[in-house]
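First the proteins, then the strands, lettered A, B, ... as listed; each starts at 1.
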2 protein chains.
Amino acid sequence: MKIDPNSTADLSAQIAKAIRDAIVAGELIVDDRLPSEAELAEQFEVSRATVREALKRLAAQSLIRTQRGAFGGAFVNRLSFEEAYGQQITTSTLLLSMNAVSFEVACEARYAMERACAPMAAERRSADHLATMRAEIHRQGQPGLTDEAFCASDVAFHRALVDAAGNPVLSYQLAGAVEAMQPLMNMITFTARSRETIVQLHQRIADALEARAEDLADQALQDLADYTRELGRGVAAARAARNG
Amino acid sequence: MKIDPNSTADLSAQIAKAIRDAIVAGELIVDDRLPSEAELAEQFEVSRATVREALKRLAAQSLIRTQRGAFGGAFVNRLSFEEAYGQQITTSTLLLSMNAVSFEVACEARYAMERACAPMAAERRSADHLATMRAEIHRQGQPGLTDEAFCASDVAFHRALVDAAGNPVLSYQLAGAVEAMQPLMNMITFTARSRETIVQLHQRIADALEARAEDLADQALQDLADYTRELGRGVAAARAARNG
DNA sequence: CAATTTTCATTTGTCAGACATTTAAATGTC
DNA sequence: GACATTTAAATGTCTGACAAATGAAAATTG
């Protein structure tokens, strides 16, 4: 682990990069202990404060965890799917909110990936997955549900659908797409009629998965995608009319 | 922006969370300047060192950027697709390498998503995308290419395919899946014959996109997925034989 | 001897204060 | 007006200190 003496970047950034590279390259493996802050400071010839800033950068990416006390220190962290989900969701949400990504584009991406899950979900869905989906469908039919609660339930429904595909890598990748869409979906006012339509489509999806009918599931998802896009266009048109 | 006095987490983590929440909630928008480190230290009633550790955490997630000098400071960063790609790739790569994700599962996820791109790519691919793909195909046919260079070219080919779908969100989501697979792919020794097969399949994909034939593209991708999985199984079997 | 308590060294977490460096605005000079 | 200089404000880095946690080892106790 060496830092480039010609770099213009902050020392803490350089040190973080050096350690990160060592982890990615496999020189440091899960649960390995890094040298203590004092030792790292000596190795890199910087102060302990600078080392600490570097370590905090790595901690922010869940690459290391720290433990206080004797025999404590910084350890290479096993990045769990759970943590990776979280980071992916934060990143995706910010990406969408900061880059004026259109509802249309986000929708397309999300449903394209979800449809890719459908065949696997039809094949592998467990009774548990179906039960979760049915429960969310039921909730979505309750009157008096706020739009936000409706959207949250929608996210839960779709996560169950994705998880039903039984591929954790796919679940991880899709977590971002599905959850990051929620703020955009929250901007839509769901009328009683549009909710009814969505619930019916969810019902079709659940029925298709229960019957292990991948083609029906795909068709229902496509219809849902079309309908969601239509709702989005409606909102955009209403806003345009208000503003001009 | 307040921190929870009952939390047991590090102060720097709490402060980072408070600022991150403010950004996600939209209280701080792109290019807003945060208070100076000295001011933040006063607000949160901590030392400047602690504030700096918090800011480094946020910088590691590309949420802020800092600028030295008068009228410098920490600014809310517009998370670009580029930066998000990078983070996604790092995270995905580590996730796969640290969690013993099987080649099979990673492959399945990757090709499922790639196939979801095929119809859009067939419809929207530009001459540029095609040219990139053709160039990579040509490179892959060169004799004397190392396995790593072959894999790198493979990644470039598939990225062009994904980008051809013309949906940046999809490109971002897939960047992780495609790039993170590379270390796993690098473990495969590509014989002259397997390379030839792969190049032919790439050719079929490029031809299909050129002809805007989404069904042919999908079929070719499925064949490539099957073949890749087969190669993976071959490697796994060889390793099992060596170790047993 | 075994179980429990105490001590202790190590390590991270936090603080205070200092100085170096960078930067752009403000000021001075021709 | 154009250019050089000064200056104030901010981040980057260093030093030294103390607090708090923690597990191992030593001391104590039954």
Side-chain angles (χ1 to χ4, degrees), chain A residues 1-20 22-23 28 30-77, chain B residues 1-20 23 28 31-77:
Chain A
M1 285 197 303
K2 285 259 172 62
I3 61 177
D4 175 9
N6 300 323
S7 169
T8 61
D10 295 349
L11 285 173
S12 70
Q14 292 180 56
I15 292 168
K17 180 177 187 317
I19 299 175
R20 181 165 35 238
I23 294 175
L28 289 166
V30 169
D31 294 335
D32 271 2
R33 205 199 105 162
L34 273 63
S36 73
E37 295 174 353
E39 286 171 314
L40 286 170
E42 211 175 344
Q43 271 185 40
F44 288 112
E45 298 181 288
V46 298
S47 72
R48 209 186 127 212
T50 304
V51 167
R52 281 182 62 79
E53 288 179 9
L55 293 180
K56 294 311 156 206
R57 296 178 114 109
L58 299 175
Q61 297 179 303
S62 303
L63 285 177
I64 61 169
R65 61 178 186 279
T66 54
Q67 209 171 356
R68 290 170 73 161
F71 300 80
F75 298 84
V76 177
N77 194 37
Chain B
M1 282 196 305
K2 285 260 172 61
I3 60 178
D4 174 11
N6 300 323
S7 170
T8 62
D10 295 349
L11 284 172
S12 69
Q14 292 181 54
I15 293 168
K17 181 177 186 318
I19 299 175
R20 182 165 36 240
I23 294 175
L28 290 166
D31 294 333
D32 270 1
R33 205 199 105 163
L34 272 62
S36 73
E37 295 175 355
E39 287 170 313
L40 286 171
E42 211 175 346
Q43 270 184 41
F44 288 110
E45 299 181 286
V46 297
S47 73
R48 208 186 128 211
T50 303
V51 167
R52 280 182 62 79
E53 288 178 9
L55 293 179
K56 294 310 159 204
R57 295 177 116 108
L58 299 176
Q61 298 179 303
S62 304
L63 285 178
I64 60 168
R65 59 178 187 279
T66 54
Q67 210 171 356
R68 290 172 73 161
F71 300 80
F75 298 84
V76 176
N77 195 34

Holding to side chain to side chain donor-acceptor pair (under 3.5 Å), I want the full list of residues that pass it with A:D31, two or more places apart in sequence or in another chain.
A:R65
To the nearest 0.5 Å, atom CD of A:Q61 lies from atom CG of A:N77 at 12.0 Å
Once rounded to the nearest 0.5 Å, what's the spacing between atom OG of B:S47 and atom CD of B:E53?
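So the gap between those two atoms works out to 8.0 Å.
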Specify the closest pair of heavy atoms between B:I15 and B:A54, including all atoms of both residues, with the distance to one decimal.
CG2-CB, 3.7 Å
Take atom [atom1] of [X] and atom [atom2] of [N], then tell me their distance rounded to the nearest Å.
| X | N | atom1 | atom2 | result |
| --- | --- | --- | --- | --- |
| A:L11 | C:dC19 | CG | P | 20 Å |
| A:L55 | C:dG13 | CG | P | 9 Å |
| B:D10 | C:dT12 | CG | C1' | 8 Å |
| B:I15 | C:dT14 | CD1 | P | 8 Å |
| A:E39 | C:dT10 | CD | P | 11 Å |
| B:E45 | C:dT14 | CD | P | 15 Å |
| B:R48 | C:dG17 | CZ | C1' | 11 Å |

Nearest heavy atom decides the nucleotide; on that basis, is B:A9 or B:F71 closer to the 5' end of DNA chain C?
B:A9
Reading DNA chain D in the 5' to 3' direction, which nucleotide is the first one with an atom under 4.0 Å from a heavy atom of chain A, and which is the last?
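The contact span of chain A on DNA chain D goes from D:dG12 to D:dA24.
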Keeping B:D32 on the side-chain end and B:V76 on the backbone end, is there a donor-acceptor pair under 3.5 Å?
no
Nearest-nucleotide 5' precedence on DNA chain D, B:G73 against A:Q67:
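Mapping each residue to its closest nucleotide by heavy atoms, the 5'-most match is B:G73.
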Non-hydrogen side-chain atoms of B:L63 and B:I19 separated by less than 4.5 Å
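No - every pair of side-chain heavy atoms lies 4.5 Å or more apart.
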Using side chain to side chain donor-acceptor pair (under 3.5 Å) as the criterion, point out the one residue from A:R57, A:R52, A:K56 that pairs with A:S12.
A:R57
So, is B:T50 near the phosphate of C:dC15, with a side-chain N or O under 4.0 Å from OP1 or OP2?
yes
Taking any strand in view, what nucleotide pairs with C:dA16 in a Watson-Crick or G-U wobble way, both distances under 3.5 Å?
D:dT15
For a quick check of understanding: with a heavy-atom distance under 4.0 Å over all strands, which category does A:R65 fall into, base, sugar-phosphate or nothing?
nothing
